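Counting from 1, the numbers follow the sequence of the chain as shown. Model, not experiment: these values are computed from the prediction. Counting starts at 1 for both ligands and their atoms, following the listed order.
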Amino acid sequence: MAILIMAAPARMKAWREAIGANFPGEDIRCWPGMGEPADIDIVVYGGNEPELFGKLANLKLVISQRAGIDDLIGNPHLSQDVAICRAQDPKGDRMLDDYALLLTLYHHRHMPDLLAANARAEWIDPGVLPADERSVGVMGLGIIGMSVARRLRDAGFRVAGWSRTRRDEPGMECFHGPDQFDTFLARSEILLNLLALTPETVDIVDAANLARLPKGASVINLGRGEHVVDSDLITAVDSGHIDSATLDVFRTEPLPADHPFWKHPRIFVMPHTARRPRAESLTPGILEIIRRFRAGEPLPRMADRARGY
Ligand code: NAP
């Protein structure tokens with residue numbers, strides 16, 4: 001049995017020391033120095049080495065440093081028997097909450113209009129409203145999404161969330177499942193996506209669902225690029241039905257220089273800058289998962305392959 005850590009050098013050092021201190025008997029390997037592949041039963045994964053898993057015959061557990069695990073679930077080299085758990089802090093991510101608030105305020109306070117007016121040296125009144133007169137809809141109320149939704153609620157917005165299963169949260173209207181999706185969309189003046197990427201949610205921000213948003217709504221995508229049908233979003237913004245959009249994630253990253261998003265005056269491209277989790281924020285999750293796995297206990301934040309996240 002051995003644990004392989006795949007991470008940038010600073011994280012690698014931090015986690016090798018933390019795992020070594022907490023589990024003195026563990027055989028710890030640091031990528032790319034993995035030694036005998038058949039020894040490895042746990043990988044702390046953050047890299048882009050999708051084919052590696054096919055070489056690890058005795059792999060039992062992958063601990064993901066990333067919140068999104070769609071690339072692991074869909075990895076053909078990773079056996080279905082291998083458990084996937086997220087190291088993610090279950091309380092959410094403060095940096096992502098800040099970022100979601102920043103971008104929500106950007107649209108709520110008409111910054112696309114104001115920046116365009118600046119460029120024309122024109123003094124405009126964009127018609128500002130208080131936050132409690134703005135309805136924000138958060139798609140996805142998981143670890144990250146619920147934390148963001150709470151932050152927006154606490155900033156005074158009228159927040160609703162939508163998830164697969166029912167959630168209850170004070171001060172927030174919670175919708176769930178396909179039957180309640182249209183009602184959720186119809187009241188979302190700013191739509192913020194934090195869904196997991198699955199076969200059910202791919203392309204969910206398409207022409208039909210954009211048309212269900214109120215006229216003049218804005219869209220913020222912090223989930224995955226594959227949630228948005230790029231051409232449908234551009235058409236909806238050009239038609240004026242959607243006011244503007246901010247995108248942090250893209251089907252291809254970095255976003256190619258010739259992609260129409262770059263030059264669109266009402267689509268703001270952010271180069272996947274939502275957050276940079278510190279090694280320390282993931283360490284407790286990594287240690288907890290290793291401890292439980294070695295003890296044969298149920299694993300926290302484990303992906304359910306059948307539901308796709
Ligand atoms: P999570 O804890 O797995 O939560 C996923 C959420 O999606 C849950 O609320 C889940 O519903 C909902 N969902 C899944 N399938 C659905 C469906 N068919 N219909 C309705 N709701 C559905 O994920 P997370 O950690 O919050 O992360 C959310 C997303 O943010 C991921 O796509 C991740 O990749 C992305 N992310 C982006 C950044 C960035 O830098 N931009 C950083 C971190 C995360 P239930 O609550 O019912 O399970």
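Aromatic ring orientation, His259 versus Phe261: tilted (interplanar angle from 30° to 60°).
Here Asp132 does not pair with Arg134 in a salt bridge; the nearest charged N to carboxylate O distance is not below 4.0 Å.
Between His108 and Phe157, the ring center distance clears the sub-6.0 Å criterion.
Residues meeting the ring pair (Phe, Tyr, Trp, His ring centres under 6.0 Å) test with Phe23, sequence neighbours left out: none.
Annotation: cation-pi geometry satisfied between Arg307 and Tyr309 (NZ/CZ under 6.0 angstrom from ring centroid, within 45° of ring axis).
In this structure, ligand 1 sits under 4.0 Å from heavy atoms belonging to Ala67, Gly68, Arg86, Leu96, Gly140, Leu141, Gly142, Ile143, Ile144, Gly145, Trp162, Ser163, Arg164, Thr165, Arg167, Leu194, Leu195, Ala196, Glu200, Thr201, Leu222, Gly223, Arg224, Asp248, Val249, His272, Ala274, Arg275, Tyr309.
Looking at Asp41 and Asn58, their side chains never bring a donor and an acceptor atom within 3.5 Å of each other.
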